[in-house]
Amino acid sequence: MRAGEGVIAAADAANRDPEVFADPDRLSPERPANHHVAFGFGVHQCLGQQLARLELQIAYPALLRRFPRMKLATDIAQLRFRDEMPVYGVDTLPVTW
Ligand code: HEM
């Protein structure tokens, strides 16, 4: 690194550190928080994180209560993932219930 050059740190890489998070590529909702940095860290830490946490804690149980038999309506290999954006996800998620 030369003087005057900038650095962009990829916080997501920290959440995938296998020395801190066992089996880091596995989605595990019951995983302990273990000081993750999904909401950033420091002065620019996410201002909406408490709202986001509440929405997730309320919305997922409500969805599963309303549609207990909901399941994927396509082969998982058919899903198109948004891997060209900083915020990961799927373009569409077809389900049946
Ligand atoms: C699961 C949902 C969310 C995730 C994973 C998330 C993640 C993040 C991350 C990683 C940052 C830091 C970016 C950086 O370091 O520059 C951030 C910043 C921010 N987030 Fe979120 N966020 C979420 C939801 C929300 C919601 C619901 C709101 C508002 C209602 C919100 C408002 C903000 C704002 C205003 C900042 C900028 C804070 C600053 O620069 O001082 N976020 N978010």
Side-chain angles (χ1 to χ4, degrees):
M1 228 186 109
R2 286 183 292 273
E5 286 184 341
V7 172
I8 298 176
D12 290 350
N15 292 334
R16 300 286 180 107
D17 181 350
E19 290 184 13
V20 181
F21 302 97
D23 198 3
D25 292 335
R26 188 170 55 88
L27 174 65
S28 172
E30 63 282 347
R31 183 192 295 279
N34 205 13
H35 305 291
H36 70 78
V37 285
F39 291 109
F41 185 79
V43 287
H44 290 289
Q45 194 168 136
C46 180
L47 284 176
Q49 63 183 283
Q50 303 308 341
L51 175 63
R53 285 192 169 97
L54 274 178
E55 286 176 348
L56 294 168
Q57 286 163 14
I58 294 166
Y60 280 123
L63 188 68
L64 295 174
R65 269 197 310 274
R66 177 67 182 84
F67 302 106
R69 282 186 289 278
M70 186 170 62
K71 62 178 186 190
L72 204 54
T74 184
D75 192 286
I76 196 164
Q78 301 297 316
L79 294 179
R80 197 168 151 252
F81 287 85
R82 293 179 176 171
D83 45 18
E84 76 283 11
M85 302 167 61
V87 178
Y88 193 59
V90 286
D91 277 336
T92 60
L93 188 67
V95 294
T96 56
W97 61 87

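Residue numbers run from 1 in the order of the sequence given. Both backbone and side-chain heavy atoms feed into the values below; hydrogens, waters and symmetry mates do not. Read the numbers this way: they start at 1 and go in the same order the structure lists the ligands and their atoms.
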Next on the checklist: With a 6.0 Å cut-off (strictly less than), is the heavy-atom count around CZ of R80, excluding the residue itself, greater than 12?
Outcome noted: no
Next on the checklist: Below 4.0 Å, non-hydrogen atoms only: which portion of V37 touches ligand 1? Side chain, backbone, both or neither.
Outcome noted: neither
Next on the checklist: Counting only nitrogen or oxygen atoms and a 3.5 angstrom limit, does Q49 reach ligand 1?
Outcome noted: no
Item to check | From the candidates L51, L54, L47, the one that places a heavy atom nearest atom 36 (C) of ligand 1 | outcome: L47
Checklist entry - Can you get from L93 to W97 by hopping between Ile, Leu, Val, Met, Phe, Trp and Tyr side chains that sit under 4.5 Å apart? => result yes
Checklist outcome for this item: Closest heavy-atom approach to atom 5 (C) of ligand 1 among G42, A9, A38, A52 is made by A38
Checklist outcome for this item: heavy-atom search around atom 29 (C) of ligand 1 in the protein gives G48 CA, 3.8 Å
Next on the checklist: Show the atoms of ligand 1 that are less than 4.0 angstrom away from any heavy atom in G40.
Outcome noted: 10 (C)
Item to check | Closest protein heavy atom to atom 41 (O) of ligand 1, given as residue, atom name and distance to 0.1 Å | outcome: H44 ND1, 3.1 Å
Next on the checklist: Test of understanding: given a 4.0 Å heavy-atom threshold, classify the contact between C46 and ligand 1 as side chain, backbone, both, or neither.
Outcome noted: both
Checklist outcome for this item: On a heavy-atom basis, the closest approach of F21 and A33 is CE2-O, 3.8 Å
Next on the checklist: With a 6.0 Å cut-off (strictly less than), is the heavy-atom count around CD of E84, excluding the residue itself, greater than 12?
Outcome noted: yes
Checklist entry - What residue pairs, at least two apart or across chains, pass side chain to side chain donor-acceptor pair (under 3.5 Å) with a residue in residues 51-78? => result Q49-R53
Checklist entry - Heavy-atom distance to atom 6 (C) of ligand 1: which of F39, Y88, F41 wins? => result F39
Checklist entry - With atoms numbered from 1 as shown, which atoms in ligand 1 lie under 4.0 angstrom from a non-hydrogen atom of V43? => result 41 (O)
Item to check | Minimal non-hydrogen separation, L56 against P61, with atom names | outcome: O-CD, 3.7 Å
Item to check | Exceeds 12 heavy-atom contacts within 6.0 angstrom, atom CZ of F41 | outcome: no
